[in-house]
Amino acid sequence: MIYIGYKLSKVIDNLFCSYLVFGITSLLFVQVFINIAVVIGLIPVTGVTLPLVSYGGSSLVITMYMLGIVTNILNKNITDFITNKKDYI
């Protein structure tokens with residue numbers, strides 16, 4: 001999911017949508033990284049939830065909202081994403 005988000009942000013022609021997808025993907029990556037680091041014991045326990053897994057009503061709603069935005073942008077640019085019009089990766 002994170003790879004697809006970063007790849008999509010490089011393929012999109014619209015600069016605002018590209019930055020939006022990059023930011024949302026980065027937020028999800030940071031949440032996952034912090035949660036895994038807490039479970040392993042690398043950092044002290046924080047209140048960051050694991051996206052789409054941990055129990056948290058508002059966190060789940062915001063995560064679903066962000067993924068809906070990324071999915072909508074992906075649907076608008078699906079041909080560029082599949083054909084890899086800009087071959088950066």
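Below, all heavy atoms of this structure are taken into account, side chains as well, without hydrogens, waters or symmetry copies.
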Novice: Hey, what else clusters with V39 if you join Ile, Leu, Val, Met, Phe, Trp, Tyr whenever side-chain heavy atoms sit under 4.5 Å?
Specialist: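 Members alongside V39: none; it stands by itself.
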Novice: To the nearest 0.5 angstrom, please state how far the CZ atom of F22 sits from the CG atom of L27.
Specialist: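 Output value for this atom pair is 10.5 Å.
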Novice: Do V30 and M64 belong together in a cluster built from hydrophobic side chains that touch within less than 4.5 Å?
Specialist: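 Each belongs to a different hydrophobic cluster.
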Novice: Which heavy atom in P51 sits nearest to a heavy atom in T63, and how many Å separate them?
Specialist: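 It is CB-CG2, 4.1 Å.
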Novice: Is there any side-chain hydrogen bond (donor to acceptor under 3.5 Å, both in side chains) pair reaching into residues 40-49, and which pairs are they, with sequence neighbours excluded?
Specialist: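 Pairs touching residues 40-49 that pass the test: T49-S59.
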Novice: Identify the two heavy atoms, one from N35 and one from V48, that lie closest to each other, and give their separation to 0.1 Å.
Specialist: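 For N35 versus V48, the nearest heavy atoms are ND2-O, 3.4 Å.
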Novice: Please determine whether residues I24 and V53 belong to a single hydrophobic cluster, defined as Ile, Leu, Val, Met, Phe, Trp and Tyr linked transitively by side-chain heavy-atom distances below 4.5 Å.
Specialist: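 No; tracing contacts between hydrophobic side chains, which count when under 4.5 Å, never links both residues.
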Novice: Please give the remaining members of the hydrophobic cluster of Y19, linking ILVMFWY side chains under 4.5 Å, ordered by chain and number.
Specialist: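 L15, which link up through side-chain heavy atoms under 4.5 Å apart, make up the rest of the cluster.
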Novice: Look up atom CG in L28 and atom CG in L52, then write down how far apart they are to the nearest 0.5 Å.
Specialist: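 Answer rounded to 0.5 Å: 7.5 Å.
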Novice: Treating S9 as the side-chain partner and S18 as the backbone partner, does any N or O pair qualify as donor plus acceptor under 3.5 Å?
Specialist: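 No, the answer is negative, given that no donor and acceptor are paired below the 3.5 Å cut-off.
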Novice: Is the shortest heavy-atom distance from the side chain of I4 to the side chain of K7 under 4.5 Å?
Specialist: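 A side-chain contact under 4.5 Å is absent here.
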Novice: State yes or no: do Y65 and L50 share one hydrophobic cluster built from I, L, V, M, F, W and Y residues joined by side-chain heavy-atom distances below 4.5 Å, directly or via other members?
Specialist: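 No, it is not one cluster - the side chains of Y65 and L50 are not joined through contacts under 4.5 Å.
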Novice: Are M1 and I36 connected in a single hydrophobic cluster, I mean Ile/Leu/Val/Met/Phe/Trp/Tyr linked by side-chain heavy atoms less than 4.5 Å apart?
Specialist: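 I36 does not cluster with M1.
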Novice: Kindly compute the distance separating CG (L67) from CG (L74), expressed to the nearest 0.5 Å.
Specialist: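 Nearest 0.5 Å value for the CG-CG distance: 11.5 Å.
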Novice: So V11 and N77, side chain to side chain contact (heavy atoms under 4.5 Å, CB included) or not? Walk me through it.
Specialist: CA-CA 8 Å; V11 171; N77 299 291; 5.8 Å; no
Novice: Should I2 and Y6 be marked as a side chain to side chain contact (heavy atoms under 4.5 Å, CB included) after you check the CA-CA gap, both sets of side-chain angles, and the distance that decides it?
Specialist: CA-CA 6 Å; I2 293 171; Y6 286 135; 3.4 Å; yes
Novice: Should Y3 and V32 be counted in the same cluster of Ile, Leu, Val, Met, Phe, Trp and Tyr side chains packed under 4.5 Å apart?
Specialist: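 Hydrophobic grouping puts Y3 apart from V32.
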Novice: Which atom names give the shortest non-hydrogen contact between I73 and I12, and what distance separates them?
Specialist: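 Smallest interatomic distance, heavy atoms only, reads CG2-CD1, 3.3 Å.
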